[in-house]
There are 2 protein chains.
Amino acid sequence: MELRNLITFIHVAELGSFTKAAEQLGYSQSTISFQIKQLEEELECLLFERINHTITLTERGHELISYAHQIRALTEEFKENLEEEKECSGHIHIVTPDSVCDDMIRRNYIDFHNRYPAISVKFTTADTAVMFDMLDHNEADVIITLDSHSYNKDYVIAKEKPLSMHFVANASSKFANKQKLSIRDIIKEPFILTEYGQGYRRVFDRELAKKSLEITPILEIGRTDMITALIAQSDMISFLPDFVTKDLVAAGCLCYLDVCDMEVEIWQQLIYHKNKWMSKALKTLLSYIIEKDFTEQ
Amino acid sequence: MELRNLITFIHVAELGSFTKAAEQLGYSQSTISFQIKQLEEELECLLFERINHTITLTERGHELISYAHQIRALTEEFKENLEEEKECSGHIHIVTPDSVCDDMIRRNYIDFHNRYPAISVKFTTADTAVMFDMLDHNEADVIITLDSHSYNKDYVIAKEKPLSMHFVANASSKFANKQKLSIRDIIKEPFILTEYGQGYRRVFDRELAKKSLEITPILEIGRTDMITALIAQSDMISFLPDFVTKDLVAAGCLCYLDVCDMEVEIWQQLIYHKNKWMSKALKTLLSYIIEKDFTEQ
DNA sequence: GTTTACCATCGATTTTTTCGATTATGGAGG
DNA sequence: CCTCCATAATCGAAAAAATCGATGGTAAAC
């Protein structure tokens with residue numbers, strides 16, 4: 001019982017004529033005969049009485065009419081639903097490093113929620129490798145990486161920007177006002193760094209290795225807010241992205257160290273899988289993030 | 001958007017796999033891919049995200065699932081309705097000569113209604129020719145004729161029997177006890193006959209014409225109950241079927257005349273059009289009529 | 001009596017559906 | 001690291017289905 005035949009049946013029943021239905025539907029009359037016969041054979045019942053070239057619905061036909069209308073109405077309802085702009089709603093899973101999560105939630109979440117109350121967001125933190133794994137398994141809708149610049153034809157990079165990284169210490173550190181420090185000047189100091197899985201930590205270690213240097217941090221922890229808090233009240237040093245530290249530096253709690261022989265190139269990238277279906281909610285979230293996080297300095 | 005594809009879509013969504021759905025439905029896997037793609041192209045939206053050979057329903061897919069289930073449920077509901085025995089109900093139009101109508105309503109209608117209260121019957125009276133016309137225009141579901149024996153490949157004769165016809169007069173008529181009367185003996189008497197349209201009246205006239213005789217009745221009327229009532233209180237004669245007169249004869253109101261040179265062969269036939277859809281109600285009515293009207297003497 | 005309108009039927013053609021084989025990919029197990 | 005297995009996409013061939021146009025019979029209209 002295919003929909004095409006049901007539609008034809010409805011038209012025939014309404015017009016009371018195979019010929020007229022054929023004209024209305026753009027079929028030939030023999031096609032209409034065939035389609036109705038097909039329905040009748042499949043349902044094993046007569047839908048129309050044919051007496052002297054005029055057709056009359058049988059009881060069964062009358063019953064089918066109502067079902068056919070309901071079925072047609074459902075398909076049309078669905079198609080209309082597809083076309084009409086929907087309220088922006090849905091569930092979105094975004095995965096980021098801890099620092100980004102922290103930053104975005106603090107600065108933007110309330111505003112986002114107020115603007116789009118029907119979008120439910122799941123915020124998860126993970127290492128770069130895990131994030132890509134989640135993209136590959138369709139467990140994350142979108143990720144934000146802080147790592148070396150990545151490119152892969154399976155992914156779409158919605159937006160990216162290079163990230164400023166700084167060595168930071170307490171504002172009253174002995175290195176606070178020294179200019180043109182070398183990495184070798186500070187390498188023996190006590191360091192707090194994020195775990196190795198975090199992208200920029202890995203890039204940092206790799207850069208050190210190029211200079212045959214190595215740091216054994218006294219504390220490894222993903223939570224960058226903890227790191228800044230500890231540094232603010234001790235003589236420890238860390239290496240962190242600008243967006244984590246700039247407010248505290250501006251407030252005079254922390255200071256940047258002027259280490260001039262250590263260039264670490266870190267990119268912030270907003271990435272989703274190329275086969276990802278872009279729901280309106282997802283598009284909205286991406287636009288929001290791009291506006292708030294990638295355009296401002 | 002054909003039903004076949006929707007069914008496939010439901011299976012795929014439930015199993016989360018094109019391959020498993022193919023096995024379950026007896027299709028090849030490429031067919032499933034094709035069907036889903038066809039749906040997606042027609043609806044111009046992605047139903048499944050394909051990431052690393054695993055599929056995940058998109059939001060649109062989720063929406064479609066619910067519609068697809070509803071549509072499938074409707075078609076199944078209809079098919080079940082078809083199969084299950086229904087209460088015997090419906091509207092039936094039966095057309096008969098006035099005499100038959102009179103007889104059946106008096107003797108059987110109440111009983112029939114009590115047995116099948118959900119069947120609504122429309123009883124109409126008409127001439128033989130009009131009755132066949134009504135069959136041809138699907139205006140009557142079934143007719144009962146009292147006429148010469150008819151056969152036509154377009155009609156189905158559900159049942160038939162020859163009818164006894166009698167000349168009848170008042171029980172105290174001068175002809176009451178005479179034996180071996182000739183038609184010529186009574187032809188000048190005042191006759192009451194049914195109209196010419198009534199089948200047996202026509203046959204009667206035709207038989208007379210064969211003998212070069214002719215009757216000009218003093219009253220022509222379809223209502224046979226009127227005829228018998230008039231005869232019972234006058235010296236008029238009529239020519240009527242047995243079932244109209246036998247009770248009055250038995251009651252001593254009327255008597256049969258022993259006219260031995262006038263053989264008129266009249267058949268009672270229960271007829272419907274060969275293309276008529278036999279609803280349960282119609283079958284029931286036919287069986288009832290056959291049982292009550294054609295088997296008893 | 002001729003024309004028109006209607007539906008059924010048939011064979012031919014076109015379109016659609018289905019299949020099987022192949023490819024590409026990733027995961028699991030050795 | 002390699003092989004085997006499972007998955008879905010793709011492609012061309014084959015099968016099936018839908019559609020058409022022509023024809024026929026019948027009844028109604030003119």
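Here is how names work: the chains are called A, B, and so on, in the same order as the sequence lines, proteins then strands, and each is numbered from 1.
Salt-bridge formation is detected for the pair B/Glu42/A/Lys79: a Lys NZ or Arg NE/NH1/NH2 atom is positioned less than 4.0 Å from an Asp or Glu carboxylate oxygen. Between B/Arg201 and B/Glu195, none of the side-chain N atoms (NZ, or NE/NH1/NH2) sits under 4.0 Å from a carboxylate O, so this pair counts as no salt bridge.
Here B/Asp136 pairs with nothing under the salt bridge (charged side-chain N to carboxylate O under 4.0 Å, His left out) rule; sequence neighbours left out. Residues forming a side chain to side chain contact (heavy atoms under 4.5 Å, CB included) with A/Glu207 (at least two apart in sequence, or on another chain): A/Lys210, A/Met262, A/Val264.
For the segment residues 5-23 of chain B, the set of residues with a heavy atom within less than 4.0 Å of an atom of DNA chain D comprises B/Ser17, B/Phe18, B/Thr19, B/Lys20, in numerical order.
What separates CG of A/Asn138 from C1' of D/dT7 is a distance of 15 Å, to the nearest Å.
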Would A/Asn152 and A/Ile271 count as a side-chain contact (heavy atoms from CB on, under 4.5 Å) if you check the C-alpha gap in whole Å, the side-chain angles of each, and the deciding distance to 0.1 Å? CA-CA 10 Å; A/Asn152 180 316; A/Ile271 302 176; over 6 Å; no
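Using modelled atom types, one finds no donor on one side chain facing an acceptor on the other under 3.5 Å when comparing B/Glu220 with B/Tyr196. Inspection of the B/Asp293 and B/Gln268 side chains reveals an N or O donor paired with an N or O acceptor under 3.5 Å. Side-chain atoms of B/Glu160 and B/His149 form a donor-acceptor pair, as typed in the model, at a separation below 3.5 Å. The closest side-chain donor-acceptor pair between A/Glu23 and A/Thr19, if any, does not fall under 3.5 angstrom.
Ring geometry for A/Phe48 against A/Phe9 counts as tilted: the plane angle lies between 30° and 60°, on a 0 to 90° scale.
Counting heavy atoms from C-beta outward, A/His273 and B/Glu49 have side chains that stay 4.5 Å or more apart.
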Could you pull out the protein-nucleic contacts involving nucleotides 12-17 of chain D (nitrogen or oxygen on both sides, under 3.5 Å)?
none

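Contact check, A/Thr31 against D/dT19: no side-chain N or O comes under 4.0 Å of OP1 or OP2.
Using modelled atom types, one side-chain atom of A/Thr58 and one backbone atom of A/Leu46 make a donor-acceptor pair closer than 3.5 Å.
A salt bridge (charged side-chain N to carboxylate O under 4.0 Å, His left out) with B/Asp141 is found for exactly one of B/Lys276, B/Lys283, B/Lys122, namely B/Lys276.
Taking every nucleotide of DNA chain C with any atom under 4.0 Å from a non-hydrogen atom of chain B, the first and last of them, 5' to 3', are C/dT17 to C/dG26.
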Give the B/S/- string for nucleotides 22-30 of chain D, one per nucleotide from 5' to 3', where a protein heavy atom under 4.0 Å of the base yields B, of only the sugar-phosphate yields S, and otherwise -. ---BBSS--
